[in-house]
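Note on naming: letters A, B, ... go to the chains in the order of the sequence lines (proteins, then strands), and numbering restarts at 1 for each one.
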Amino acid sequence: MSELNTNQLKAAQFEGKHLLVLAGAGTGKTRTIIARAVYLISKGVDPSKIQILTFTKRAASEIVSRVKASMGEQSGKNPTGSTFHSWCNQLLYNFPNVFGTAKFTIIDEDDQVSIMKMVCGNQKEAFKKLRLKPRKLVDLYSFARNTKRNLTDTLTVKLFDDVPENELEERLAEVKPLVESILRKYEMKKRERKYLDYDDMIQVVANRLNKDPKARQIIGKKYEHLLIDEMQDTNPLQWELIRPFQQICHLFCVGDDAQSIYAFRGADFKNIHNFKKNVKDAEVFRLEENYRSTSEILDVSNWLLDKSTLNYEKRLSAVRGSGIKPKIINVPNEWEEGYFIAAKIIENFTEKDKEYNDHLILSRSQNYTRSLQAIFIEKKIPFETYGGRSFMEAAHLKDVFSAFRVVNNNLDEIAWVRFLTFWEGIGEISAAKYIQELINKEDIEECIQWLEEGSKGPFEMIETLKGIASNMDKIDKAVEAAYGTMQARLAMKYVQDWDKKRKPDFPILTLLARNYSNLSEFITECLLDNSTKINNSPTLKKSEIQENKEEDAVIISTVHSAKGLEASTCFVLNVSPKVYPSAWSLGDIEKVEEDRRVLYVALTRAKDELFITRRTSSIYAEDHVTEDGSAVPTYFLNEFPEELTDQVFYSQEKGESVDAPIANDFDFDFGMDFS
DNA sequence: CGTAATCCCTTCGGC
DNA sequence: AGGGATTACG
């Protein structure tokens, strides 16, 4: 623990009840959590009674493995690290009698929307008039529960934001009963079908623990210390989950108000300002010495925060001292942006002795990186992507999972629809008819029997279910069985890219399944593991996958997925008007401030070299950047002090440029020999 | 009548 | 890229 500074050490060895560590970017947040865990274990705390909570599985597994590494060989036991959701899932699964969850299926947003659609039924027209689609209803419902707002407040905030006060009551009276009846039906459906959505996973655990002392006693025996990362991103629902543990555990929370970027999920960073008020017997420590970045990079980051109307009470000091100035790169479009980045990386790699993984590319959203990825492929630069769609959300995997889901819970209507219509010859109508029967069966065996006699599905359909049902304790065998019988149909359904893109996922799925002996647990954990991808699955041991494994690769990440990441060279992509802040944030000061924090998180990832690219002629920027490059006031880099960065105007022809045509239009030889 | 094929739209971010 | 609505097909 010698590498800790005084304040970090003070935090790691804290002897009071609860602690909040307010730690700015790059101040050693992760290191402090790790040191805390190691310290507790060295003081004799049973490692299994330490629970680490993080926002991503990647962060969890990184912290756990680093704790393991710094303790050496000595102990077989380790603290567990999970996301809030995955932790709740394990509690629900391990203590079914405490929570009343003997049999359940976790559903994702798409499933929620499907249920909402079923529930809306004949009221579709009414909602069309209000422009309330099922997806919007799911949004409202989730927002209400994550922020613990009632329906009236939720509608007022999310729907009637710009309705004048005197009309508000009228609008509410018109809309609220309608929404209420739908949401009640939605909840009824969840109960009937034993569905839990993501929010339920937390809500159910939180409710029980808050209300039932006996439940607190049972669960409390398992945990002594909760170490919570990214505290600024916890929302009121998660606070409700943590609250009962104030009595039975020690809380060690780490967070940074300036890096709060999950308000869309109901997080409110002001909660950590009120930490002492909300948590009895709590203390607050601060870490403000930044070990990551050069002072030039911090100057830019600090400037951005200073411009805020909010007071983050934060000014990080650079321990490392001075380096090189960040650069703003003005590029005409996304392709030039990509070529610039590729050229820079190749230069660093070939001439400056840097690795690919010294480079991190940060984007506001996944789709701004599309052309960049194409260019990297063209230039043969290896890369990994973080964020965006997960492994399990791919259609072909959802198909296979629908089979697991119906075997796991034969009330799972949504999975039945997907599974039945997967097969040739069964459409929605037949599926609906079958499902009427299937959900009244006792178990999957009865379902299989009924399908054999009463359906027109192919032989493989029945075999798939049988194959899974007979391998319930060997999940990898179940995966192989299901894949075997579904393969032919899968290959047909996804002809275009089956061989090269989709088929290779199945050996990986089998490997993943090897770690599980319970179907329900497997299904949920896969669903919750957003980072499960070929190249970076914490669940999969690296050695288990040889193919396509690039040890050294550039990381392309959304800012939201880049929490805790850092790199020597960072490219912050497309810092253009209408992106920072984004077009849909304009006019809403809280959203603009959140976007500011998103950019702040991005800027503070860089250790040595920071490139900020700006597209001067993207469709978004067109109307907002004048010809000399200055921007409209609704843009963070407006008024940017020139001395903080170097500006570069970059434009490079992709190939050899040819000024005058040397070939006539369409004057080709098509090469056909007609003789 | 039920299923398959085609076009169109998505509004970021993620457990 | 995937799902929804619409249209074509059997």
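- When distances are taken from the side chain of A:Arg135 to each of B:dT11, C:dG2, B:dC15, the shortest belongs to B:dT11.
- Taking 3.5 Å as the limit, the base of B:dC12 and the side chain of A:Glu594 contain no donor-acceptor pair of atoms between them.
- Proximity of A:Arg145 to the phosphate of B:dC15: no side-chain N or O atom is located under 4.0 Å from OP1 or OP2.
- A search for salt bridge (Lys or Arg N to Asp or Glu O under 4.0 Å) contacts involving A:Asp199 returns nothing, not counting sequence neighbours.
- Contact annotation: A:Lys117 reaches the phosphate of C:dG4 (side-chain N/O to OP1 or OP2, under 4.0 Å).
- Side-chain proximity of A:Thr83 to the nucleotides B:dG13, B:dG14, B:dC15 is greatest for B:dC15.
- Going from atom CD of A:Glu393 over to atom C1' of C:dG3 covers 13 Å, rounded to whole Å.
- Considering only residues two or more places apart in sequence or on other chains, A:Arg208 meets the salt bridge (Lys or Arg N to Asp or Glu O under 4.0 Å) condition with A:Asp212.
- Distances from the side chain of A:Tyr198 to the nucleotides B:dG13, C:dG2, B:dC15 place B:dC15 closest.
- Residues satisfying the side chain to side chain contact (heavy atoms under 4.5 Å, CB included) test with A:Val113, not counting sequence neighbours, are A:Lys117, A:Pro134, A:Arg135, A:Val138.
- Distances shorter than 4.0 Å separate some side-chain N or O of A:Ser561 from OP1 or OP2 on B:dG14.
- A straight line from OH of A:Tyr368 to P of B:dT11 spans 15 Å, rounded to a whole angstrom.
- At whole-Å resolution of the value, CG in A:Asp110 and P in C:dG2 are 11 Å apart.
- The separation between A:Leu573 atom CG and B:dC12 atom C1' is 14 Å, rounded to whole Å.
- For the pair A:Thr558 and B:dG14, the criterion of a side-chain N or O lying under 4.0 Å from OP1 or OP2 is met.
- In this view, A:Glu240 and A:Lys148 satisfy the salt bridge (Lys or Arg N to Asp or Glu O under 4.0 Å) rule, not counting sequence neighbours.
- Rounded to an integer number of Å, the gap from A:Lys398 NZ to C:dG3 P is 6 Å.
- Taking atom NZ on A:Lys493 and atom P on C:dG3, their separation rounds to 7 Å, with Å as the unit.
- No donor-acceptor contact under 3.5 angstrom links the side chains of A:Tyr195 and A:Asp111, judged on distance only.
- Applying the salt bridge (Lys or Arg N to Asp or Glu O under 4.0 Å) criterion to A:Arg596, with sequence neighbours excluded, gives A:Glu593.
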Quiz item: How does protein reach along nucleotides 2-8 of chain B, written 5' to 3' as B (base within reach of a heavy atom under 4.0 Å), S (only sugar-phosphate), or - (no contact)?
Solution: SSS----

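- Among the nucleotides C:dG2, B:dG14, B:dC12, the one closest to the side chain of A:Ser365 is B:dC12.
- Remark: C1' of B:dG14 and CG of A:Asp139 are 13 Å apart, rounded to the nearest angstrom.
- When rounded to the nearest whole Å, the span between OH of A:Tyr580 and P of B:dG13 equals 11 Å.
- Place A:Lys133 and A:Asp199 on DNA chain B by their nearest nucleotides, and A:Lys133 ends up nearer the 5' end.
- Counting any heavy atom pair closer than 4.0 Å across all strands shown, A:Phe84 reaches no nucleic acid atom.
- Relative orientation of the A:Tyr186 and A:Tyr141 rings is perpendicular, given thresholds of 30° and 60° on the angle between their planes.
- Stacking between A:Phe264 and B:dG13 is present: the aromatic ring centre lies within less than 5.5 angstrom of the base six-membered ring centre, and the two planes differ by under 30 degrees.
- Contact check for A:Val205 versus A:Leu209: side-chain heavy atoms found under the 4.5 Å cut-off.
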